[in-house]
Participant: 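Below you'll find the structure I mean.
Everything quoted here is computed from the prediction, not taken from an experiment. Counting starts at 1 for both ligands and their atoms, in listed order.
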Amino acid sequence: MKSQTMGSSLLVAGTSIGAGMLALPLVAALTGLGWGVFLMFLMWGLSTYGGLLIAEACRACPEAENLHGVMGRLMGPVGQGIAIAAMLFLYYSLCAAYISGGANVLGSLLAKEGVHLPFRITATLVVLLVAILVVTGTRVVDVVNRVMFALMLALLLYIVVSLLPEVSLSNVVLENSAPRILVAALPVLYTSFGYHCAVPTVVQYVQGKPHRFRYALIGGSSLPFGIYVIWMIVVIGVVSSATVISMAHSPDGVTSLMDAIGSHSRTASFDYMISAFAAFALGTSFLGVALGLFDYLAEVFGRSHGIWGRIETITLTLLIPLLAAIFMPGSFVTALGYAAIALVILAVFIPVALVWKVRKLHMEEPYQVAGGIPALAGAIIIGLLVIGAQFGVISGVLPSIG
Ligand SMILES: N[C@@H](Cc1ccccc1)C(=O)O
């Protein structure tokens with residue numbers, strides 16, 4: 001396999017693996033493991049299909065550098081405006097989720113040392129840390145990101161291997177759950193498979209060769225699927241659904257979950273490893289998303305690249321999500337659900353519209369995603385279901401997850 005294809009698969013996997021690691025066990029405990037895996041598979045399919053559609057649209061407009069350019073070419077300024085609004089909403093919701101999860105992890109680490117800080121202080125500390133890294137520059141973020149990703153995978157392997165003997169099969173029952181809970185779980189599951197901002201880069205990186213970007217997108221998103229399933233089985237097998245469910249509704253569910261897993265090993269340093277793993281899983285996604293939003297806002301608002309310009313841009317990037325995280329208690333899973341609304345627009349509705357236009361104008365080159373009109377219609381219906389589910393959760397018609 002060519003190294004760009006490999007690199008692209010890892011880019012997709014790296015962007016995708018993130019908050020899902022911490023949210024999915026909470027969700028799967030509520031849906032039951034069997035249904036959890038089935039719904040994850042459905043959301044993985046929707047996400048991969050959307051990624052392939054974006055790739056098809058990018059190939060039809062080789063002169064455009066990113067999704068913004070492709071939108072401008074095919075949909076004009078109104079389409080571009082919708083995409084910009086959806087992108088800002090997605091990025092802000094994700095940053096709010098990462099700040100909330102990160103603050104919980106930092107708070108629990110400090111509490112183990114006897115230092116008890118309120119949530120708003122730990123959230124601000126997490127934001128300052130990310131802000132300093134992003135303002136320092138892309139190269140620094142790149143290095144820190146690679147190191148954290150490698151450490152996260154190593155820790156995951158270690159944790160899974162050490163916990164396997166503790167898994168009790170009686171916990172891993174495939175019990176059924178109420179249909180309303182299954183629908184309510186869809187938005188968070190879908191967000192866990194989001195990586196779509198990386199697709200234009202991947203298509204360019206493999207010179208638009210269909211067999212290579214197909215490999216990168218399908219392979220790169222299957223890796224998170226496999227890792228998420230193993231992780232969910234191990235966590236629920238060790239901690240038991242009943243215990244996890246009691247955490248799902250507490251404001252710092254992530255911390256309780258990490259503590260519960262940590263207490264299942266005889267090694268004293270094990271709970272530090274669990275916290276480090278959670279911090280790296282969140283950190284890799286947070287840095288990627290914060291950097292993407294930072295560059296984007298710098299361009300939109302024309303801020304300078306000097307130090308004061310960068311400080312202004314990072315304030316625009318992180319202040320709103322910080323306030324959202326502080327004033328919306330328990331916002332980790334909730335914010336991931338909100339992100340799903342924007343992600344469906346960006347990774348299902350917009351790609352379907354783009355590809356529709358490309359195919360109608362016969363701009364397509366030999367590559368076309370399989371499935372024709374039925375697949376496009378199916379994606380729209382499932383996408384509507386995901387958005388409807390989140391509105392159901394917001395309005396209280398459906399139970400909230402987390
Ligand atoms: N999948 C990422 C979230 C994400 C969504 C969309 C784009 C990029 C990232 C996570 O679980 O953290």
Side-chain angles (χ1 to χ4, degrees), residues 10-28 40 43-44 46-51 54 66-67 83 86-102 104-105 126 130 145 148-149 152 156 185-202 217 220-229 231-232 254 277-296 317 321 325 331-351 383 386-387 390 401-402:
L10 289 182
L11 180 69
V12 169
T15 315
S16 188
I17 298 176
M21 278 310 229
L22 308 179
L24 291 178
L26 298 175
V27 175
M40 257 173 68
M43 292 298 103
W44 169 82
L46 183 67
S47 160
T48 308
Y49 181 68
I54 298 178
N66 48 32
L67 199 59
M87 193 122 117
L88 284 178
F89 191 78
L90 172 70
Y91 276 151
Y92 277 138
S93 317
L94 287 175
C95 284
Y98 298 144
I99 293 170
S100 168
N104 283 333
V105 173
V126 167
V130 170
N145 226 351
M148 288 206 301
F149 192 70
M152 177 191 76
L156 177 68
L186 289 177
V188 179
L189 293 178
Y190 181 58
T191 305
S192 305
F193 289 104
Y195 61 85
H196 301 80
C197 31
V199 178
T201 318
V202 167
L217 296 181
S221 63
S222 303
L223 192 67
F225 181 74
I227 291 182
Y228 285 159
V229 171
W231 175 240
M232 269 166 31
V254 175
F277 165 71
F280 294 148
L282 286 170
T284 45
S285 299
F286 195 178
L287 281 180
V289 167
L291 191 64
L293 180 58
F294 179 87
D295 286 342
Y296 187 69
T317 309
S331 47
F332 176 63
V333 178
T334 318
L336 290 176
Y338 276 100
I341 299 178
L343 190 57
V344 169
I345 296 176
L346 282 170
V348 180
F349 295 167
I350 287 180
V386 174
I387 292 192
Q390 183 60 21
I401 305 248

Participant: Which ligand 1 atoms does Tyr98 reach within 4.0 Å, using its non-hydrogen atoms?
Facilitator: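 Counting atoms of ligand 1 from 1, those under 4.0 Å from Tyr98 are 2 (C), 3 (C), 10 (C), 12 (O).
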
Participant: Looking only at distance, does Leu90 have an N or O less than 3.5 Å from an N or O of ligand 1?
Facilitator: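 No, there is no polar N/O contact under 3.5 Å.
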
Participant: Just going by heavy-atom distances, which of Ser93, Ala281, Gly194 is nearest to atom 5 (C) of ligand 1?
Facilitator: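 Checking each option, the heavy atom nearest atom 5 (C) of ligand 1 is found in Gly194.
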
Participant: Return the CG to CD1 distance between Asn104 and Ile99, rounded to the nearest 0.5 Å.
Facilitator: 12.0 Å

Participant: Find the distance between CZ (Phe225) and OG1 (Thr48) and round it off to the nearest 0.5 Å.
Facilitator: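 So the gap between those two atoms works out to 10.0 Å.
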
Participant: Going by distance only, is there an N or O of Ala19 that falls short of 3.5 Å from an N or O of ligand 1?
Facilitator: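 For ligand 1, there is an N or O atom that lies under 3.5 Å from one belonging to Ala19.
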
Participant: Give, for atom OG of Ser192 and atom CH2 of Trp44, the distance between the pair rounded to the nearest 0.5 Å.
Facilitator: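 That separation rounds to 15.0 Å.
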
Participant: Quick one: which ligand 1 atoms are inside 4.0 Å of a heavy atom on Gly20?
Facilitator: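 So the atoms of ligand 1 that pass are 11 (O).
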
Participant: Looking at ligand 1, does any of its N/O atoms fall within less than 3.5 Å of an N/O of Tyr195?
Facilitator: no

Participant: Using the rule given for side-chain contact (heavy atoms from CB on, under 4.5 Å), can you reason through Leu24 versus Met40, listing the C-alpha separation, both sets of side-chain angles and the distance that settles it, and then say yes or no?
Facilitator: CA-CA 9 Å; Leu24 291 178; Met40 257 173 68; 4.2 Å; yes

Participant: Could you tell me which atoms of ligand 1, counted from 1 in the order shown, lie closer than 4.0 angstrom to a heavy atom of Thr15?
Facilitator: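 By the 4.0 Å cutoff, the relevant atoms are 1 (N), 2 (C), 8 (C), 9 (C).
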
Participant: Any idea which atoms of ligand 1 are less than 4.0 Å away from a heavy-atom of Thr191?
Facilitator: 1 (N), 2 (C), 3 (C), 5 (C)

Participant: Closer than 4.0 Å to some heavy atom of Ser285 - which atoms of ligand 1 meet that?
Facilitator: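 Answer for ligand 1: 12 (O).
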
Participant: Find all atoms of ligand 1 within a distance of less than 4.0 Å from any non-hydrogen atom belonging to Ser16, and give their numbers and elements.
Facilitator: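 Matching atoms, with element in brackets: 1 (N), 2 (C), 10 (C), 11 (O).
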
Participant: What's the verdict on ring pair (Phe, Tyr, Trp, His ring centres under 6.0 Å) for Phe193 and Tyr228, showing C-alpha distance, side-chain angles and the deciding distance?
Facilitator: CA-CA 10 Å; Phe193 289 104; Tyr228 285 159; 5.4 Å; yes

Participant: Do Ser192 and ligand 1 have an N or O pair less than 3.5 Å apart?
Facilitator: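 Ser192 vs ligand 1: N/O contact under 3.5 Å present.
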
Participant: Given side-chain contact (heavy atoms from CB on, under 4.5 Å), test Leu90 with Leu94 step by step and report yes or no.
Facilitator: CA-CA 6 Å; Leu90 172 70; Leu94 287 175; 4.0 Å; yes

Participant: Pick one of side chain, backbone, both or neither for how Leu336 approaches ligand 1, counting any non-hydrogen atom pair under 4.0 Å.
Facilitator: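 The answer is neither; Leu336 stays 4.0 Å or more away.
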
Participant: Check the pair Val27 / Met232 against side-chain contact (heavy atoms from CB on, under 4.5 Å), numbers first and verdict last.
Facilitator: CA-CA 9 Å; Val27 175; Met232 269 166 31; over 6 Å; no

Participant: Say you draw a straight line from CD1 of Ile341 to OG1 of Thr191; how long is it, rounded to the nearest 0.5 Å?
Facilitator: 9.5 Å

